Amino acid sequence: MSTVGGLVALLSEHDDTLKHHALTHLDTLVDQFWAEIADSLADIEVLYENKAFQHRHLAALVAAKVYYHLGDFDDSLTFALGAGPLFDLAAKSQFVETIIAKCIDKYIALRIQQFEGGAVAAIDKALEEVVERMFKRCFADGEFRQAIGIALEARRLDVIQDSIKMGASGELLQYVLECALNVVQHRGFRNQVLRLLVQLYSELSEPDYLAMGHCLVALEDVQGCADLLGKLAKGSPKHYLLALQLAFDLEESATQQFLRNVTQLLLTSSSGSDASDSSLPADHADHFQKILNGTMTIQLHLEFLHRNNHSDLLILKQSKNMLDGRSSLYHSAVTFGNALMNAGTTCDQFLRDNLEWLSRANNWSKFSATAALGVIHKGNLEHSMALLKPYLPQQGVAGSPYSEGGALYALGLMNANHAQPLTYLRQALKDAADETLQHGACLGIGVSGMATATPDLYEQLKATLFTDSAVAGEAAGLAMGLVMVGTGNKGAVDEMVQYAHETQHEKIIRGTALGAALIMYGKEEEADSTIDLLLADKDALVRYGGIYAVAMAYAGTGNNKALRRLLHVAVSDVNDDVRRAAVTSIGFVLSNTPTQVPRVVELLSESFNPNVRYGACMALGISCASTHLGDALALLEPLLKDSVDFVRQGALIAQAMIMMQHTSSKVTQFRAHLAKVVSDKHEAQLAKFGAVLAQGILDAGGRNANISLRTRSGTNSMLAVVGMAVFLQYWTWYPLTLFLSLTLTPTALIGLDAKLRVPKFEFTSAARPSLFAYPAPTAPPTTEKVEKVQMTLSTTAKAKARAKKKEGGDGTGMDVDAPAASTPASPTTATGTQDVEMADASADATKDGGAAAAKKKKKEPASEKKENLTRVVPGQEQHVQFDAAAGYVPVKKTRHSGILVLECTKEGQDGFEPEFIELNASKPKPAEGAAGEAADAEPEPEPPAPFEYPFDE
């Protein structure tokens, strides 16, 4: 056919049979002749609107297809819905797929309006029918994940529940849990999904108690967590092991206040007199208390970092020697690099070896140097006071306020997220008259009392803030936010913002604005009113705090609204600090999907504004930390050579974050680049600072820790997110650099038995050992001795040979010539030993026996055995295998790193004697220069007997 004019003419006939005949044929030809049919759209629409016409659905379908080809998808959708059952969802055509997508999008938009309480939006029954048919088609085809995805966006809990039950797969439950934590952006609906998951997990034939615990933590359900722990702890031995693992998971992702409340409920319910048979034994209660208050985790991490320390102090030594020690900036850079490199290892050897260099620190450099001890000895809770006693304020002794203030800060860092030293720090703050001491005490209180939400502690810090001291007030405002992290206390925010408007000190405004942002951590939509208030302020420093409020409230959510707001501010605000913070905060919001960040910040990394370029660097470093993501590294590569010094600084720090715990050739090249930057006399100071800091980040925790804002269970790590946010303030205050230690997570595999002992056992890493090995230590510089080589001309050699022949001869009658100077050396000669491996098999066969074969490179094994309390980097987890024959397997089968509660597979078997690893890292060490315990064990020698010295002789 070349035209459909005849069929179109039939639409004007009075006989319905002719009209039906025309519509039937037009439906099959519309894709070819839609332009011609479009002239008669009005006639087709009239047929559809005529309810007396029996084939009006067919008219609607033809109209829908014509409008689709015209590009009017809204009208096409309207008529497709009017087609009713004639709109075949199973048809394989671009028209059907497009209209279904438009239909689902419209349905989702209307459902969201209904769910979020906005304008009342009535949903057309025809639209609902199409969506319901779509769900039924997904169920029939077994496409349960597709149905779940649409249901999550459309807020349909009933469809989610039906999909999981019909799919009858634990994988679907895990899929919904991951989507709820990482994809669902509305907090209210997310909580409904998590409640549903708790119910569905409990109804399984073998309930997944650990997943239930993760849901309850995300719901902030204290009572539910305590009840679940109590139920498991009082159950079978297997359930008790699950309770211990759940307790460790809770400690990893919950706040101090949450854990304290869970512990109180758990121990209270277990000691009830009404059911003495259901109470926890004393040792079990003690186990849960040690886990939930963080003591056990801190002790195990301290032991792991101490035992496996692979810090390369030669890197620091070379950097120190290349930098001017009289510069406070360089001194602080090496101090911070050393602190991060040895974080948690208790190794302060570099400081002991460089006491003269250390003594050059003065004023705030001395404050930072003393505070760095808290990072090196982080987690040594039992001996924190003893280690810092020489530096802490003492009554009647006049010391340096910078050293004493730094010691108070160090005490907080050593007890990070653990409220043990709060009583001492609060008294020190009360007694302190110097603002430097107050500054250190406030920082120490903030980092150790993080998220405790203690009212009287908040009031004490507020009193310090109201003294209007610039130095002390900045730390007090920040500490108030740290103490109230995640509470969403709007009264506290209002007080801090009001004081920020009243004070004249920029430092105080900055501290209170950031503190207000920290209070909104994790609050998402609840923080919107506070964010609007802060971002509308005339003061750029308050708007700066508003940007970080967006970062904290929506960290790890990928929220589109938050991203749009940040991108708008990044290109529109008049203040460079605010724009830099807006771009940086993209890394926080998208920390759950790091692969998206390079695409989002690609254009920003090419901005004319250096502050925006710096922000792009940090956004990549924050979100892609420890991933070695190629797209992120490609964006940072040109920024390493940027014309602005602080952009190069940001690129160096960000690239070090991304390359942590990797051993590729790119990492080796980057290490060489860092050394080159440090040694270059013409390089800017800020870039050198970034290079030294990057060296410390690369080898953080003795090369046994990485940076990640997410926990192993897939939730946000409050400690890491807050630590990263405060670390970024090093831009204006260098001592805050040490907050980066809060983001470090040991890459360890630590197995425990039911009594929280560390058994000796082996597991397999099914990968080449070199793939995840520690980097090779830096080779010390050597002075090669040049040997003199005496050259002999070939003519001279021939002359000597002839003379020798004349004297005695060799009996052969042949003229033996010495090798000419141009003759290539044999592979077996001293000058050619490096070519042994390059020789072919035929050449090896001519050599003496198997000597050459022994020189061949030994083939690397495809796997290796590793022991408990050892390093397992993220990329290695997929290769870890546990064997029941080794005696222990994890009670949580899907976890291959972190702290694992183990189930003994050989318990009660004859001949099985478990061995355990003794934890020695937290034990007190002998004082330097003292004889130690050995000397204490031996009695002192008796003094000599009295005697007279004969002077006359």
Side-chain angles (χ1 to χ4, degrees), residues 311-343 345-377 387-394 397-411 413-414 434-437 439-440 443 471 645 649 674-675 677-697 699 730 732-738 740-741 778 780-781 928-929:
S311 296
D312 193 345
L313 298 183
L314 187 57
I315 295 176
L316 282 174
K317 181 179 178 181
Q318 292 176 348
S319 297
K320 177 188 72 70
N321 294 337
M322 292 175 184
L323 300 174
D324 185 0
R326 296 169 295 180
S327 169
S328 62
L329 178 64
Y330 291 153
H331 198 286
S332 296
V334 177
T335 297
F336 297 145
N338 174 55
L340 294 173
M341 189 178 290
N342 294 285
T345 64
T346 72
C347 176
D348 54 5
Q349 188 62 41
F350 178 78
L351 300 178
R352 295 178 183 273
D353 293 343
N354 298 277
L355 293 176
E356 189 273 333
W357 168 85
L358 189 62
S359 65
R360 298 179 194 172
N362 51 33
N363 298 335
W364 288 107
S365 294
K366 181 177 290 187
F367 178 92
S368 298
T370 310
L373 291 173
V375 175
I376 295 173
H377 294 279
L387 287 167
L388 293 173
K389 185 178 180 180
Y391 310 98
L392 290 169
Q394 299 179 20
V397 179
S400 167
Y402 295 100
S403 179
E404 293 176 352
L408 295 174
Y409 182 19
L411 187 61
L413 291 169
M414 203 177 293
D434 185 89
E435 63 178 1
T436 307
L437 286 175
H439 184 90
L443 289 179
V471 174
D645 51 1
Q649 179 193 77
L674 292 176
V677 171
V678 173
S679 62
D680 189 351
K681 295 181 180 180
H682 304 288
E683 185 60 84
Q685 286 189 332
L686 289 181
K688 289 187 176 184
F689 178 92
V692 177
L693 194 60
Q695 289 176 332
I697 293 171
D699 295 340
Y730 82 90
T732 54
W733 193 238
Y734 282 126
L736 297 180
T737 305
L738 297 174
L740 188 62
S741 63
T778 304
E928 186 180 11

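The shown structure was predicted, so the numbers you read here are calculated from the model rather than taken from an experiment. Note that the numbering runs from 1 along the sequence shown for the chain.
Taking every heavy atom of both residues into account, D434 and T436 meet most closely at OD2-N, 2.7 Å. Of all non-hydrogen atoms in L674 and A694, the two that sit nearest each other are CD2-CB, 3.8 Å. Here the closest heavy-atom approach between residue A687 and residue V677 is recorded as O-CG1, 3.9 Å. For the residue pair A407 and L388, the shortest heavy atom distance occurs at O-CD1, 3.7 Å. For the residue pair A333 and V692, the shortest heavy atom distance occurs at O-CG1, 3.4 Å.
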Exercise. Could you walk me through whether V334 and F350 pass side chain to side chain contact (heavy atoms under 4.5 Å, CB included), step by step?
Key: CA-CA 10 Å; V334 177; F350 178 78; 3.8 Å; yes
Exercise. Could you give me the CA-CA distance, side-chain angles and deciding distance for K320 and Y330, then say whether side chain to side chain contact (heavy atoms under 4.5 Å, CB included) is met?
Key: CA-CA 8 Å; K320 177 188 72 70; Y330 291 153; over 6 Å; no
Exercise. Would you check, one step at a time, whether the test side chain to side chain contact (heavy atoms under 4.5 Å, CB included) holds for T346 with L387?
Key: CA-CA 10 Å; T346 72; L387 287 167; over 6 Å; no
Quiz item: Where do W364 and H439 land on the side-chain hydrogen bond (donor to acceptor under 3.5 Å, both in side chains) test, with the steps shown first?
Solution: CA-CA 11 Å; W364 288 107; H439 184 90; over 6 Å; no
Practice problem: Tell me, with the steps shown, if Q318 and T778 meet side chain to side chain contact (heavy atoms under 4.5 Å, CB included). | Solution: CA-CA 10 Å; Q318 292 176 348; T778 304; 4.1 Å; yes
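For S359 (side chain) and E356 (main-chain N/O), a donor-acceptor pair under 3.5 Å exists by modelled atom type. Side-chain atoms of K688 come within 3.5 Å of backbone atoms of D680 as a donor-acceptor pair (strictly under, hydrogens ignored). In this structure, S311 contributes its side chain and L313 its backbone to no donor-acceptor pair below 3.5 Å.
With values rounded to the nearest 0.5 angstrom, Y409 atom OH is found 13.0 Å from L373 atom CG. To the nearest 0.5 Å, atoms CG (L340) and CD1 (I697) are separated by 6.0 Å. The CD1 atom of I376 sits 11.0 Å away from atom CG of L413, with the distance rounded to the nearest 0.5 Å. One distance of note links CD of Q649 with CD of Q685; it measures 11.0 Å at 0.5 Å rounding. Rounded to the nearest 0.5 Å, atoms OG1 (T335) and CG (L316) are 10.0 Å apart. The CD atom of Q349 lies 9.5 Å from the CG atom of N354; values are rounded to the nearest 0.5 Å.
Here D645 pairs with nothing under the salt bridge (charged side-chain N to carboxylate O under 4.0 Å, His left out) rule; sequence neighbours left out. With sequence neighbours excluded, the residues forming a side chain to side chain contact (heavy atoms under 4.5 Å, CB included) with S368 are F336, P735, listed by chain and number. Qualifying side chain to side chain contact (heavy atoms under 4.5 Å, CB included) partners for N362, counting only residues two or more places apart in sequence or in other chains: none. Applying the side chain to side chain contact (heavy atoms under 4.5 Å, CB included) rule to S365 yields the partners S328, S332, A361; only residues at least two apart in sequence or on another chain are considered. The side chain to side chain contact (heavy atoms under 4.5 Å, CB included) test applied to S679 returns M322, not counting sequence neighbours.
A 4.5 Å side-chain heavy-atom check between N342 and V375 finds every atom pair outside the cut-off.
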Please output the side-chain donor-acceptor pairs of residues 397-405 that fall under 3.5 Å, not counting sequence neighbours, one pair per line with the distance.
| from | atom 1 | to | atom 2 | distance (Å) |
| --- | --- | --- | --- | --- |
| S400 | OG | Y402 | N | 3.3 |
| S400 | OG | S403 | N | 3.4 |

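No side-chain N or O of Q695 forms a donor-acceptor pair with one of D699 less than 3.5 Å apart.
Note on ring orientation: taking the six-membered ring where Trp is involved, the planes of F689 and Y734 are tilted (angle from 30° to 60°).
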